Amino acid sequence: DIQMTQFPSSLSASVGDTVTITCRASQSIGNYLNWYQQKRGKAPKLLIYGASTLQSGVPSGFSGSGSGTYFTLTISNLQPEDFATYYCQESYRNPPWTFGQGTKVEMK
Amino acid sequence: QVQLQESGPGLVKPSQTLSLTCTISGGSISSGQYYWTWIRQHPENGLEWIGYISYSGNTYYNPSLRSRVTISGDTSETQFSLEISSVTAADTAVYFCGRGATIRTRELDHWGQGTLVTVSS
């Protein structure tokens, strides 16, 4: 199975900050990388697919980049509703399509 | 707009079979090319991909669970189910159903709200 390593596991930030979360794959996965946001007690929500394509309805403050084994999710001008846990997921070739361990974005 | 809703017992005894159903509103298993997927989340832990049934009826399971998992579709095509046999406390988790796109990058674009299943005697 492909292993996904996310870092940091948590970070503290303030409203208006720009934060970056990194996800590394144990082998090249092209652009088969998706990002999800999960708030406490809720289901994950798709933010970005294909490493960089914003899902419909997701605010433009979210952006993704990368290919191969290294990917980033950037949240610009952090809003109060953006404090949540973020997961990357690879969906390359055959399942299981594994998730990263998550990054919790907390208020400073 | 597709909506998904999980249902099933919240408490299962060890060694028994966990059974959950996901009801699809605004769509069906064969409407469009999707993977109808189960994912679980252990308490305070990350997400684990369990398996799927596709629009064509094919199934694929996580090798770590393959010997105990069955995912099936209902003849109405508006429900699909998850069964995990011989459960232990390690199967205690919130279980989500989701829809994965077969085109693009197989992202899970719709999720149910999740249902907590506790394995305990």
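Letters go in sequence order (proteins before strands), and every chain restarts at 1. Keep in mind that what you see is a predicted model, and the values were worked out from it rather than measured.
- Only the side chain of Tyr52(B) comes within less than 4.5 Å of a heavy atom of chain A; its backbone N, CA, C and O stay farther away.
- No side-chain heavy atom of Pro95(A) sits less than 4.5 Å from a side-chain heavy atom of Tyr35(B).
- Rounding to the nearest 0.5 angstrom, the gap separating the CZ atom in Arg106(B) from the CD atom in Gln89(A) is 10.0 Å.
- Counting heavy atoms from C-beta on, the side chains of Pro44(A) and Leu108(B) never come closer than 4.5 Å.
- Hydrophobic clustering (side-chain heavy atoms under 4.5 Å, transitive across Ile, Leu, Val, Met, Phe, Trp, Tyr) keeps Tyr86(A) apart from Leu47(B).
- Proximity to chain B involves both the backbone and the side chain of Tyr32(A), based on heavy atoms less than 4.5 angstrom apart.
- Side-chain contact between Phe99(A) and Ile39(B) is present, with heavy atoms from C-beta onward closer than 4.5 Å.
- For the 3.5 Å distance criterion, the side chains of Asn31(A) and Thr105(B) fail to qualify, holding no donor opposite an acceptor.
- When every heavy atom of Lys42(A) is checked against every heavy atom of Phe96(B), the shortest pair comes out as O-CZ, 4.1 Å.
- Heavy-atom distances place no part of Ile50(B) under 4.5 Å from chain A, backbone and side chain included.
- Side-chain atoms of Glu107(B) and Gln55(A) include no donor-acceptor pair closer than 3.5 Å.
- Taken from OH in Tyr87(A) to CD in Gln41(B), the straight-line distance is 4.5 Å, to the nearest 0.5 Å.
- The hydrophobic cluster containing Leu11(A) also contains Phe62(A), counting ILVMFWY residues as joined when their side-chain heavy atoms lie under 4.5 angstrom apart, directly or transitively.
- Residue Trp97(A) holds its CH2 atom at 7.0 Å from OG1 of Thr37(B), rounded to the nearest 0.5 Å.
- Nearest heavy-atom pair, Trp111(B) versus Ala43(A), reported as atom, atom and distance to 0.1 Å: CB-CB, 3.9 Å.
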